[in-house]
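Lettering of chains follows the sequences in order, A, B, ..., and the numbering in each one begins at 1. We use all heavy atoms of the structure for the numbers below, so side chains are in, but hydrogens, waters and symmetry mates are not.
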Amino acid sequence: MNVNKLVLVDGNSVAYRAFFALPLLNTEKGIYTNAIYGFTTMILKVLEEEKPTHMLVAFDAGKTTFRHETYQEYKGKREKTPPELSEQLPYMRELLDAFRIKHYEVENYEADDIIGTLSKQASKENWEVKVYTGDKDLLQLVDENIHVAMMKKGITNMDTYDEKLVDEKYGITPIQIIDMKGLMGDSSDNIPGVPGVGEKTALKLLKAHKTVEGVYESLDEVSGKKLKEKLEANKEQALMSKELATIMCNAPVDVSFEDTKMGEHDQEKLVALFKELEFKSLLDKFDGDREAESEEMEDLSVTEVSELTSDMLVSPSALVVESLNENYHQADIVGFSIANNTGTYFISSEVALQSDVFAEWAKDKEHAKFMYDAKRSVVALGWEGITLDGVEFDVQIASYLIDPSSSAHDLADISERKKSTRVQHDESVYGKGKKRKVAEGDALYQHLGRKAKAIFELRDELDEELTANEQKELFYDLEMPLSVILGRMEKHGVSVDREELENMGAGLEKKLAEIEAEIHELAGTEFNINSPKQLGEVLFEKLNLPVVKKTKTGYSTSADVLEKLQDHHEVVEKILLYRQLGKLNSTYIEGLLKVIHKKTGKIHTIFNQSLTQTGRLSSTEPNLQNIPVRLEEGRKIRHAFVPERENAVIFAADYSQIELRVLAHICQDETLVKAFREDMDIHTKTAMDVFNVGEAEVTGNMRRTAKAVNFGIVYGISDYGLSQSLGITRKEAKSFIDRYFDSFPGVKEYMENIVDEARDKGYVTTMLNRRRYLPEITSRNFNQRSFAERTAMNTPIQGSAADVIKKAMVDIAERMKEKQLQSSLLLSVHDELIFEVVEDEIETMKILVPEVMENAIELNVPLKVDVSYGETWYDAK
DNA sequence: TTAACCACGC
DNA sequence: GACGTACGTGGTTAAG
C-alpha cells in the first residue's frame with residue numbers, strides 16, 4: 001500500500017494547452033487570464049481527484065538547454081511563445097505559491113527532465129507517481145509506479161497511461177517511445193528523425209528490432225529498398241534524435257521530497273489573487289463568506305427617514321426601489337433609498353408607499369432621477385399604484401451600451417470597476433436560493449444607501465464614457481425612451497384565453513398518452529421517452545439503429561439525427577411526433593398557464609433590454625418571442641392570444657427582410673440595392689444570380705437553397721452551418737457561398753472591410769453606434785478567430801436591424817400619443833410589432849404603423865412592412 | 001443545484 | 001487540414 005503519492009505537472013505544457021483551449025479572457029485592467037484560469041481549474045481538478053501527499057509543478061527555464069549542444073536546431077521551428085501567454089506565466093507561479101504547491105525549474109534543463117528525475121526517484125521508493133502533461137514524450141517514464149495523465153483536447157479531458165495502455169495504443173513498451181521518436185522525429189521539437197519514416201513505419205520497425213540500435217544491427221532484414229536506403233543515409237541523425245528525445249532522469253534537481261509536501265492553502269493570498277484576476281466563480285468557492293466584501297467597505301452615513309419631506313427630494317436624485325423577487329410583476333418592495341447632494345436616505349416601504357410627498361415627487365418628470373434598471377422600479381411601483389417618471393439616467397443600460405459583452409452589469413460589479421462607492425452583491429447581503437431573505441436594520445440601510453450613492457456617482461462617469469463612444473443619442477433618444485415603452489407594455493400585459501389553452505392541453509395529453517403507448521409497443525419496452533439517455537439505449541442498443549452522431553455523454557437523439565433514421569424503424573416517426581407535442585404541452589400550454597397573473601388574468605412578460613450582444617431584446621417569464629409559428633400544430637397556440645377589449649383585434653406589423661435590406665444599405669451592393677428598389681422576391685433573385693438562371697427557371701429547390709444562403713449571411717453562419725441546414729457537404733456549401741459573393745461583390749467587399757475594421761478598432765458598430773467588442777479577432781486559435789470574424793460581419797446587420805425596430809417603437813409610441821389613440825403596443829418580436837387595436841382605429845393604424853416603421857431610419861433602400869390583423873394572434877397572419 | 005440535451009422563435 | 005460553428009429562453013433528466 002502506497003502512502004505517498006507524488007503528482008508532477010508539466011507546467012508549460014498545461015499553460016500552453018489552457019491558452020489555446022480557452023478564449024482570450026482579460027480583466028478590466030487588461031491582464032490576460034485565459035491560460036491562468038485554465039491552469040487553475042486544472043490544478044484544482046488534480047487536487048480534488050488525486051489528493052496527493054506531494055506535488056510539484058515543473059517549468060522550462062530559459063531558451064537553451066543541454067540538448068542544444070547536441071543539436072543547435074532543437075525546437076528551432078517552434079513559434080515563439082505569444083506575449084499574451086508569457087505575461088501570464090508569473091501569475092501561475094504566484095498561484096502555486098498561494099496553493100503552497102512547489103514549483104521548480106533548472107537552468108539548462110527542461111521541465112521533462114525535472115519530472116523524469118523526480119518520478120524515477122519516487123518510483124524507486126515505491127511511491128505512487130502521477131504525471132500530468134500534454135506531451136507524448138513523457139510516456140517514456142511510465143512504469144509500474146508511474147502513470148501519465150495525457151491531456152487529449154481541452155484541459156480537463158485526459159487519458160491515464162499505464163504500461164498496458166501504452167502497449168494498447170502503440171504496441172511498444174514505454175521506454176521504446178524514445179526509439180520511436182528517434183526514427184520518426186518530432187516536428188514540434190524540430191527533431192529530424194529519419195525522413196520518410198512516420199509513426200506507422202517506426203512502430204513496425206520497433207516491433208521487429210526493439211530499438212533504434214537494433215534496427216541498424218539488422219538493417220539487412222528490413223524490407224523495402226527505399227526504406228533501407230533512407231535508414232542507412234540517416235543513421236547518425238536517428239541516433240541523435242533518439243538522444244534528444246530521451247528524458248534525463250538524473251538531472252541536477254535540487255529538490256527533496258520534503259520540499260514537495262503539500263501544505264495548507266494560503267487563503268488570504270488565494271482570494272487576493274482571484275480578485276485581481278476576476279475569477280468570480282473560483283472566489284465563490286474559496287471565499288465562502290463574502291463578508292469580506294462588506295468588511296472592506298467603510299460605513300456610509302445613511303439617514304433613516306420616518307417622514308419624507310420635499311427638502312430631501314431635490315433634483316437630480318438617485319433612487320433605488322428594492323424588490324427581492326426577480327419577477328417584478330409580483331414584487332414586494334422591501335425598501336427605498338435616495339441619494340443626492342443633500343445626503344443619503346433610507347425609506348421603509350411603509351413610509352414611502354403611504355407618502356403623498358413621495359408619490360408627487362415620483363411622478364413629477366421635472367425631478368430628474370438616476371436609477372439602475374429603472375424599468376424594474378417603474379413597473380413594481382406601477383403595481384402599487386404609483387407613477388414614476390423623470391428617469392433621466394439608467395446605469396444598467398449605460399453600462400450595457402458601453403460594453404454589452406461584459407457579463408457584469410450588476411451594480412456591484414459596475415461599482416467595483418468604476419470609481420464610485422462600492423456596492424455589495426445582492427447575493428452576499430440577501431443570500432441565495434431558499435435562504436434568500438430580506439436583510440434587516442443597518443445591513444439593509446447600508447446596502448440600499450450604497451446603491452443609491454453609487455448610482456448618483458456613476459451617472460457622471462458613465463455619461464462621459466457614452467460621450468466618448470458617441471453613444472449619447474443612442475442612450476438618451478433611443479434606449480431610455482424605449483425603456484419607458486417596454487415597461488408600459490409589460491405592465492399592460494397580453495390577454496390569453498385560459499380555457500382555450502386548457503382545452504388544447506387536454507387534447508395534447510390524450511394524444512401524448514396514445515403515442516407513448518404506441519412507442520413502447522413498437523420498441524418492445526417501457527422507457528422514458530423524454531430521457532435522451534434511455535431513448536438512446538433503446539434506439540441504438542435494443543433496436544440496433546445506426547449511430548449517426550454522438551454527444552459527449554452518449555448517443556445523440558436530436559431531431560436531425562432522428563430524421564435520418566426515419567426509414568429504419570417506424571418508431572422513429574412516432575418519437576419525433578411525441579417530442580413535438582410534448583414540447584407544445586410542457587413549454588407552451590403548461591408554461592403559459594403557469595404565468596397567468598393572478599390579479600389581471602393576463603400574461604406579463606419581462607423584456608431584457610441589456611442582455612443580447614447584438615442589441616436585440618429578449619423576453620422571459622414567459623418568453624413571448626418564441627411562440628410557435630412554423631408548424632401548424634404549434635401555431636394553434638396563437639389562438640389563445642386574444643384582445644383584451646371586446647371591440648378590438650390583434651394587429652401584427654412585420655418588417656419584410658429587414659436584415660438583408662440593412663445589409664444592402666450598409667454595403668451598397670448594386671445588385672442587392674436594385675433588387676430591393678424593384679421590390680423583388682429576394683430569395684428568388686438570389687437563386688437567379690447564384691444559379692445563373694432566369695426568373696422562370698428558378699426551381700423550388702433553388703429558391704430554398706438561396707434562402708438558406710441568405711439566412712447564413714444574416715446570422716453569420718459558416719459553410720459548416722449552411723451544409724447542416726441544407727443537408728449537403730461542406731464543400732458544396734462553400735461553393736454556394738463563393739457563388740453568392742461572385743454575384744454580390746459589394747457584399748463580399750463589405751465582409752472583408754468590416755473584418756479589417758474590427759481588427760483595427762477592436763470593435764464593430766451598428767447604424768446607431770451600438771458597439772460590440774471582438775478581442776478574439778486577433779486570436780491565433782482558428783475557431784475563436786473565425787467566430788469573431790463572423791460576428792464582425794453579422795453584428796452590424798443584426799444590430800442595425802435592432803436599431804431600426806427600436807426606433808420604430810419609440811416613434812410609434814409618440815405618434816399614438818399625439819393622436820390619442822386607444823390601441824396599445826403589446827409585443828416586439830425582433831422584426832415585428834404586435835398591437836391590440838380597437839376597431840375604429842384599424843384604418844388609422846393600417847396606415848400609421850407601416851408609415852412610421854418604414855421611415856424609422858432612412859436607408860438607401862426602401863423598408864417594407866406587412867400588416868395583418870384578426871380575432872386572435874393566430875388570425876393576424 | 002447544476003450540467004447536458006433538446007427544441008422553439010428570429 | 002482540423003478545428004466546431006447565430007442569438008436567445010425554457011423544459012426535462014440525471015448527476016452532484
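- Residue A:Ser586 places no side-chain N or O under 4.0 Å from the OP1 or OP2 atom of C:dG10.
- Heavy atoms of A:Phe787 sit under 4.0 angstrom from primed sugar atoms or phosphate atoms, though from no base atom.
- Of the candidates C:dG10, B:dC8, C:dC7, B:dC8 carries the atom nearest the A:Gln580 side chain, counting heavy atoms from C-beta on.
- In this structure, A:Arg630 does not reach the B:dC8 phosphate: none of its side-chain N or O atoms is under 4.0 Å from OP1 or OP2.
- Residue A:Thr791 is classed as having no contact, given no heavy-atom separation below 4.0 Å to the nucleic acid.
- Taking atom CG on A:Leu593 and atom P on C:dG10, their separation rounds to 16 Å, with Å as the unit.
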inquiry  = Evaluate A:Glu621 against A:Thr605 for side chain to side chain contact (heavy atoms under 4.5 Å, CB included), listing each step before the verdict.
reply    = CA-CA 5 Å; A:Glu621 288 188 271; A:Thr605 186; over 6 Å; no

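- With a 3.5 Å ceiling on both atom-pair distances, the Watson-Crick or G-U wobble partner of B:dG9 is C:dC7.
- Proximity of A:Thr620 to the phosphate of C:dT9: no side-chain N or O atom is located under 4.0 Å from OP1 or OP2.
- Counting non-hydrogen atoms under 4.0 angstrom, A:Glu621 reaches the backbone sugars and phosphates but no base.
- Comparing C:dA6 with B:dC6, their P atoms are spaced 16 Å from each other, to the whole Å.
- Checked against C:dG8, B:dA7, C:dA6, the side chain of A:Phe711 finds its nearest nucleotide in C:dA6.
- Distance check, rounded to the nearest 0.5 Å: CD1 of A:Ile857 to CE of A:Met767 gives 5.0 Å.
- Nucleotides C:dA2 and B:dA7 place their P atoms 28 Å apart, quoted to the nearest Å.
- For B:dC6, one of the phosphate oxygens OP1 or OP2 lies less than 4.0 angstrom from a side-chain nitrogen or oxygen of A:Thr557.
- Taking atom CD of residue A:Glu632 and atom P of nucleotide B:dG9, one finds them 12 Å apart after rounding to whole Å.
- Under the Watson-Crick or G-U wobble criterion, with both distances below 3.5 Å, B:dT1 is paired with C:dA15.
- Here the nucleotide nearest the side chain of A:Lys533, chosen from C:dG11, C:dA15, B:dA7, is C:dA15.
- The CZ atom of A:Arg730 sits 9.0 Å away from atom OH of A:Tyr720, with the distance rounded to the nearest 0.5 Å.
- For the side-chain hydrogen bond (donor to acceptor under 3.5 Å, both in side chains) test with A:Lys375, the passing option among A:Gln396, A:Gln609, A:Glu490 is A:Glu490; the others fail.
- Within the 4.0 angstrom heavy-atom criterion, only backbone atoms of the sugar-phosphate kind lie near A:Gln534; the bases stay farther away.
- Relative to the side chain of A:Asn623, the nucleotides C:dG10, C:dT12, B:dC6 differ in distance, and C:dG10 lies closest.
- Counting only heavy atoms from C-beta on, A:Ser531 has its side chain closest to C:dT13 among B:dC10, B:dC6, C:dT13.
- Of the candidates C:dG11, B:dG9, C:dG8, B:dG9 carries the atom nearest the A:Pro628 side chain, counting heavy atoms from C-beta on.
- Residue contacts for A:Gln724: at a heavy-atom cut-off of 4.0 Å it reaches no nucleic acid atom on any strand shown.
- A:Asn528 comes within 4.0 angstrom of sugar-phosphate atoms only, judged by non-hydrogen atoms across all strands, and of no base.
- Inspection of the A:Ser656 and A:Asp866 side chains reveals no N or O donor paired with an N or O acceptor under 3.5 Å.
- Counting non-hydrogen atoms under 4.0 angstrom, A:Asn794 reaches nothing in the nucleic acid.
- The distance between atom CD of A:Gln657 and atom P of B:dC10, rounded to the nearest whole Å, is 12 Å.
- Remark: the backbone N or O of A:Leu535 is not paired with any side-chain donor or acceptor of A:Thr557 at under 3.5 angstrom.
- In this model, a side-chain donor or acceptor of A:Ser718 finds a partner on the base of C:dT5 within 3.5 Å.
- Whole-Å rounding puts the A:Ile737 CD1 to C:dA6 P distance at 13 Å.
- The side chain of A:Arg579 sits closest to B:dC6 out of C:dT12, B:dC6, B:dC8.
- Taking atom NZ on A:Lys550 and atom C1' on B:dC5, their separation rounds to 15 Å, with Å as the unit.
- Nucleotides C:dT5 and B:dA4 have their P atoms positioned 13 Å apart, rounded to a whole Å.
- Taking the six-membered ring where tryptophan is involved, the planes of A:His604 and A:His597 are perpendicular, since the angle between them exceeds 60° and thus also 30°.
- The base of C:dG4 sits with one of its N or O atoms less than 3.5 Å from a complementary donor or acceptor on the side chain of A:Arg730.
- At whole-Å resolution of the value, CD in A:Glu516 and P in C:dT12 are 14 Å apart.
- Nearest nucleotide to the A:Tyr720 side chain, out of C:dG8, C:dG11, C:dT5: C:dT5.
- When rounded to the nearest whole Å, the span between CG of A:Asn710 and P of B:dC10 equals 17 Å.
- Of the N and O atoms on the side chains of A:Lys583 and A:Tyr588, not one donor lies less than 3.5 Å from an acceptor on the other residue.
- Comparing B:dC8, C:dG8, C:dA6 against the side chain of A:Arg790 picks out C:dA6 as the nearest.
- Rounded to a whole Å, the OH atom of A:Tyr555 is 14 Å from the P atom of B:dC6.
- No hydrogens or angles were tested; on distance alone, a donor-acceptor pair under 3.5 Å links the side chain of A:Arg616 to the base of B:dC10.
- Within 4.0 Å of A:Leu584, counting heavy atoms only, lies no atom of the nucleic acid at all.
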